[in-house]
Each structure stands twice: as structure tokens, then as C-alpha cells.
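A short worksheet on the structure shown next.
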Amino acid sequence: MTHKITLIPGDGIGPEITKAATKVLEVSGVKIEWEVVEAGLTAMEKYHDPLPQEVISSISKNKVALKGPLTTPVGKGFRSINVALRKEFELYVNQRPAKSFKGIKTRFENIDLIIFRENLEEFYSGIEHYIDSSRSAAETIGIITRRGSERILRYAFNYAKKYGRKKVTAVHKANILKFTGGLFLDIAEEIAPEYPEIQFDDKIIDNMAMQMVMNPNQFDCVVTTNLFGDILSDLASGLVGGLGLSPGANIGDGVAIFEAVHGSAPDIAGMNVANPSALILASVMMLEYLGENEASKKIEKALSNSLEDGKHLTKDLNGKNFVSTSEFADALCQELEKMV
Ligand code: NAD
């Protein structure tokens, strides 16, 4: 079966890492017909629209997309296209795994945790303004709903049950944000007893940040609201070797967009030094979503072998003796060819 998938190369390091990821997917033998569309800065330059209708139509039709990172102007300019896409397709789950790889030296070993971040609500709703024209104050409204909290919490518990994970930790700031954080925590406590086989606990965000850098192995599935999830998932990626190794999936009911946790990395764009592993691991998640389990396992294993072998590592993983993005992808394809 040929899968028709939307491909958004993105900007910054996006085109370099999507080229590497699509090459690996091709070698895996999975038949994919890519529909390439532009969004963000590239679309702005070409069409004066950061989110052309063509992108929406393509994802609506294909239901699955692989996306390179998209730059969002800081403090001005157009709103995040990443956030807009999540909203457009109601992709309420942001699933971000962080897993240790043998051969990648970090402070901790055997980390295997997944952050489930609520992807649509709270401070990412875009309800914000200056209170007057002299910008004497600004206000951002973070809305948490029962429906939004319930569906992300249920997704995390159902995932834990399906994949035999042991524990779900709900993270919040309900001691201070008594209404928004309080509602999220209340719903977590209401739902948890429905899953007696899954251990449940909760942590206040500040304590969670400390616990994650002191003893990350205690965590399994972590479920939290949008902003905390965004920050904790970068923290989690730092525990396993950095942003170059952390994939993410934005999932809704029937549509999913797969991407790296990291952004467009303008500081290294166009230099052929970016690590494409995060987007390759996002492709692994995508294949699993498509039911191509065998190919997804083979790519993951080939990547794991390649990282463990350590002869072809990108600059972020070995600053002294490194290969380029394309050389990394070539070495990985050779490893994968042994398995297919
Ligand atoms: P970033 O993730 O782009 O980069 C942070 C640091 O990590 C940089 O030093 C960068 O060089 C390094 N890095 C990131 N990915 C790497 C890789 N694959 N290999 C090697 N090193 C890597 O974060 P930023 O600089 O804060 O953001 C840049 C832009 O990306 C901003 O416009 C931001 O809004 C956007 N962004 C987009 C997404 C997305 O598309 N989903 C996610 C996060 C940030």
C-alpha cells in the first residue's frame, strides 16, 4: 500500500533534516507518495501567506503530515504556524518521548519517559493584548476546560494501559493557579481510579523540574498543560542528549502531524551540521501510527546501532569528530540496508 503524506520541509534547518528523513524512509521500503507544501517563512516569501490554503487542503485530504520546523517571529509578526496547524486540525495531544541511546553520553542512563502535553489550551490560545496604546501592561488569558483536560488525561492513561507503561504523573501548579491548575488536577484525580493497573501521582511544576534533573528514572508517562509541557519536553530532551534526539507527534481524532521537538535552529541553518535524528524518530512514530510497525522498528534499531557505533555522529553529539547531516543520513541508510 502506498501512503500519501503531506510533507512540509519548513525553514532554517528544516529542508536539510527533512531530506535526510525522507531518504531513510525510502530505504526502509515503505511506499510513500509525498505531497510537498510550503508553510511559515518560506510560504510568506513566496505567497505572502504563512499558512496557504493548499497546506490545509493537503493535510485535510491526507490526514498525516511530516513537518520540518517553522520559525515564529519573536514578540512581533505573524502568529505561530505550528500552533495554527494544531488548532486547525484540533491536534490536542503533543506526545514527546525522551529515551536514552547507548553510546550517547549523558548524566543518566535508561531514561524512557513520555511527556503528553495538552496542545491547544491555556496560554497558547492567543487571547492576549496590551491594555493601552502605551503598553503600560499586557494581559494573556489562559483557559483550561474540562473537555480539553479530560481528553489529554484520558489519552495518557489509555496510552499507558495499551503499551504496558507503569505510571502516570500529572504536573500542575494548582497551589497557585487554583482554578486552571486546580481543574486540571481535579480531573486527573477523577480519572485515575478508572485505571487501577496504572500507578498515579501528581507533582507541582517547580518540584517536577527539580525531580527531573535529580532523578528522571522515576518518571514514566507525564501529562501536563500546554506551557509546562513545552518546557518540560525540552528539559527531557536535554536528559537524553539534546534536542537533536527528541521527536514529537501532534495527534487529534483522525489527523496527525509528526515533527521534531526542536525549532528551526537559525544559528546552524544551511551549514549541513544539524542532527536529523529527531525528525527521523518522528518518522518512526509516524510509521507506527500508520501501522508500519516492522519498518518503524527497523529504522529505530538502525538509528540506535548507528548512535552506539559512534563513528558517524553530528556536531551536537560529538563536537570534536563529527560528520555532516547528509553523511549521518548516508551512514544510517547503510545500517538500515543490512536489515531490509
Ligand atoms: P531551536 O530548537 O531551533 O534551537 C535551540 C538550540 O538547539 C540551538 O542552539 C540549535 O542550534 C540547537 N538545535 C536545535 N535542533 C538541532 C538539531 N537538529 N541538531 C543540532 N542542534 C540543534 O530553538 P530556538 O532557537 O529557540 O527557536 C528557533 C525558531 O524555531 C523560533 O522561531 C521558534 O519559534 C521556532 N520553533 C519551532 C518549533 C516547531 O516548528 N515545532 C519548535 C520550537 C521552536
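Atom set for the values below is all heavy atoms of this structure, side chains included, hydrogens, waters and symmetry mates excluded. Position 1 is the first residue of the sequence; numbering continues from there. We count ligands from 1, going down the list as the structure has it; atoms in each ligand are counted the same way. This is a predicted model, so every value here is computed, not measured.
Considering backbone and side-chain N/O atoms, I268 never comes within less than 3.5 Å of an N/O atom of ligand 1.
Of the protein's heavy atoms, L70 O, 3.3 Å lies nearest to atom 37 (C) of ligand 1. Annotation: atom 14 (C) of ligand 1 to nearest protein heavy atom, H262 CB, 3.7 Å. For atom 8 (C) of ligand 1, the nearest protein heavy atom (residue, atom name, distance) is D267 OD2, 3.5 Å. Nearest non-hydrogen protein atom to atom 33 (C) of ligand 1 is T72 N, 4.1 Å. Distance from atom 2 (O) of ligand 1 to its nearest protein heavy atom, with residue and atom name: G263 N, 2.7 Å. Protein heavy atom at the shortest distance from atom 5 (C) of ligand 1 is L243 CD1, 3.9 Å. In terms of protein heavy atoms, atom 18 (N) of ligand 1 is closest to N275 O, 2.9 Å. Looking only at protein heavy atoms, the nearest one to atom 3 (O) of ligand 1 is A265 N, 2.8 Å.
Y289 has its ring centre less than 6.0 Å from the ring centre of F258. Between Y195 and F200, the ring centre distance reaches or exceeds 6.0 Å.
For P266, every heavy-atom contact with ligand 1 shorter than 4.0 Å involves the side chain, none the backbone. Contacts with ligand 1 closer than 4.0 Å are made by side-chain heavy atoms of N82 only, the backbone lying farther away. Only the side chain of I13 comes within 4.0 Å of ligand 1, judged by heavy-atom distances.
Ion pair K99/E300 flagged as a salt bridge, since at least one NZ, NE, NH1 or NH2 atom sits closer than 4.0 Å to an Asp/Glu carboxylate oxygen. A salt bridge links R96 with D230: the distance from a Lys NZ or Arg NE/NH1/NH2 to an Asp or Glu carboxylate oxygen falls below 4.0 Å.
Contact annotation for atom 30 (O) of ligand 1: protein present (non-hydrogen atoms, distance under 4.0 Å).
Using a non-hydrogen distance threshold of 4.0 Å, A274 registers as a contact of ligand 1. Proximity of K67 to ligand 1 is established by a heavy-atom distance of less than 4.0 Å. Ligand 1 is approached by V261 to a heavy-atom distance shorter than 4.0 Å.
Those atoms of ligand 1 that come under 4.0 Å of a heavy atom in P69, given as number and element, are 40 (O). In summary, the atoms of ligand 1 found under 4.0 Å from a heavy atom of T71, numbered by their order in the structure, are 32 (O).
Across all non-hydrogen atoms, the minimal contact from E121 to N226 is O-ND2, 3.3 Å.
Considering only heavy atoms from C-beta on, Y130 stays 4.5 Å or farther from S136 through its side chain.
Geometrically, R154 does not engage Y159 in a cation-pi contact defined by less than 6.0 Å to the ring centre and at most 45° from the axis.
The main-chain N or O of F108 is found under 3.5 Å from a side-chain atom of T106 such that the two form a donor-acceptor pair. A distance-only check finds no donor-acceptor pair linking the side chain of S306 to the backbone of L303 [under 3.5 Å].
Cluster partners of I176, using a side-chain heavy-atom cutoff of under 4.5 Å among ILVMFWY residues and allowing indirect links: none.
Sorted by first and then second residue, the salt bridge (charged side-chain N to carboxylate O under 4.0 Å, His left out) pairs involving residues 139-149 (not counting sequence neighbours) are E90-R147, R146-E190.
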